[in-house]
Amino acid sequence: MAKRKEAKDKPKETPEKDPETEKPSEETVEEVTEEKEEEEESPEEKYRRAGKIASQVREEILPQVKVGALALDICETAEARIIELGGGIGFPTNVSLNEVAAHYSSPAEDATVIQDGDIVKVDIGVHIDGYIADTAFTVSFDPELDTLVEASREALNTALLLIRPKTNSKDLGKIIEDTIKGYGYRPIRDLSGHQLDEYILHGAKSLPNIAVPHGSILEEGEAYALETFATTGTGSVHETGQHYIYSLNPTRTPIRSQGARDIVRLVAREFKTLPFSRRYLAKHIPKLSLALGLRELTTKKILRQYSVLADTKGSRVAQTEHTFLVTKDGIEITTK
Ligand code: CO
């Protein structure tokens, strides 16, 4: 799921670390044996397991993305499979059509049906104890847009080949932009890939879709989702004003209504700081309480809302995404 560029979201240079000060911390025999006894799954293993589930769900969902299918069924089937396979929902499944680039997840009772001529982006999020896998693909039902899908896929694959520790994200942005423009389309400049952290979908460092003056340095051990957006439109998205996805901002602001308290309690338990859908809440909280509660929580900024993001009307957008870990000499794609 894409990170939107915000005014305050200035790119930062990561200072080069002095290898002399990077000695591993010393451990006592006791500490080492304790760890062995616990045999806890490491963060890397959790990223891998989340990735496996995400790729399996992606492969299962692909044949269901067809003309006549309900967007709601795709969202619900993907999310149910994630749970069945032992994962947690990293974010609500996005099914974004045509000029919509991101953040459309069906509301309850959504009647949206895939039509002939549509281009459909499906973006799936899985987590294991907060360690996330984020992967997306595009299906085109307009043969003229096959190269748009290819542009996005090719840009992702080319950029992934470049990455190793110390890669600068600005070099990834450049190759993504050049690849997509090579197909005669535009990259979306205000959407980007993003670092992943425990229970944090959009981490500190961004992976731009365009050449930027200053990037971030990718370091060994970090996790990222790289997503490339190719468009026939302007290359910029606007907020449509529809909101189907939210996440909890940890704050101490007092909450007044019972509905708002019910929402916060449910979300804190089920999703912590990860994005969730209004559709999920609608299954547990009565309609009026939910509407009033959401209004109070978004006004007080206790909930962050993700607006649906779209390029100009009539344009078409393709997206491809994988999650990877930066390893000693390259990357490991967890969602392959
Ligand atoms: Co993403």
Side-chain angles (χ1 to χ4, degrees), residues 1-6 9 47 50-51 53-55 57-58 61 74-75 78-79 82 87-96 100-105 120-128 130-138 149 152-153 155-157 159-160 163 169 172-173 176 180 187-210 216 218 222-231 237 244-247 271 273-277 304-311 317-326 331-336:
M1 195 170 108
K3 183 177 179 182
R4 190 181 186 213
K5 195 179 172 201
E6 287 159 42
D9 189 31
Y47 274 122
I53 295 171
S55 346
V57 173
R58 186 189 59 218
I61 284 295
I74 295 171
C75 294
E79 291 166 20
I82 291 168
I89 295 170
F91 54 80
T93 300
N94 290 205
V95 177
S96 304
V100 175
H103 302 174
Y104 185 93
S105 184
V120 188
K121 286 125 285 185
V122 179
D123 197 341
I124 295 167
V126 177
H127 80 95
I128 299 289
Y131 297 96
I132 302 161
D134 182 353
T135 186
F137 63 93
T138 300
V149 180
S152 149
R153 196 186 303 139
L156 176 69
N157 291 337
L160 286 172
I163 308 170
S169 67
L172 303 177
I176 291 167
I180 292 173
I188 295 186
R189 61 178 175 272
D190 35 21
L191 291 179
S192 60
H194 45 96
Q195 193 174 359
L196 299 165
D197 260 307
E198 193 180 354
Y199 285 105
I200 298 173
L201 177 62
H202 293 154
K205 300 184 198 173
S206 296
L207 306 177
N209 266 223
I210 53 161
S216 309
L218 282 67
E222 291 175 339
Y224 289 88
L226 181 56
E227 50 198 301
T228 51
F229 290 88
T231 178
V237 288
Y244 305 115
I245 302 176
Y246 302 82
S247 67
F271 303 102
T273 45
L274 293 174
F276 60 90
S277 75
R304 178 193 164 171
Q305 13 181 24
Y306 297 78
S307 173
V308 171
L309 299 171
D311 202 331
V317 178
Q319 174 204 17
T320 319
E321 180 172 24
H322 270 307
T323 296
F324 63 87
L325 295 164
V326 183
I331 57 168
E332 177 185 334
I333 300 173
T334 60
T335 52
K336 197 105 198 169

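This is a predicted model, so every value here is computed, not measured. For ligands, and for the atoms within them, numbers begin at 1 and follow the listed sequence.
The side chain to side chain contact (heavy atoms under 4.5 Å, CB included) test with I331 is passed by exactly one of L160, L226, L325: L160. When T335, L196, L218 are each tested for a side chain to side chain contact (heavy atoms under 4.5 Å, CB included) with F324, only one passes: L218.
Rounding to 10 degrees gives 80° for the angle at the Co ion (ligand 1) between O of M1 and OE2 of E227.
Put simply, CG on L191 and CG on N209 are 7.0 Å apart, with the number rounded to the nearest 0.5 Å.
For the pair S206 and S169, the minimum side-chain heavy-atom distance is 4.5 Å or more.
Among the atoms of H194, an N, O or S atom is found under 2.8 Å from the Co ion (ligand 1).
E321 has its closest N, O or S atom to the Co ion (ligand 1) at the position named OE2. When the N, O or S atoms of D134 are ranked by distance to the Co ion (ligand 1), OD2 comes first.
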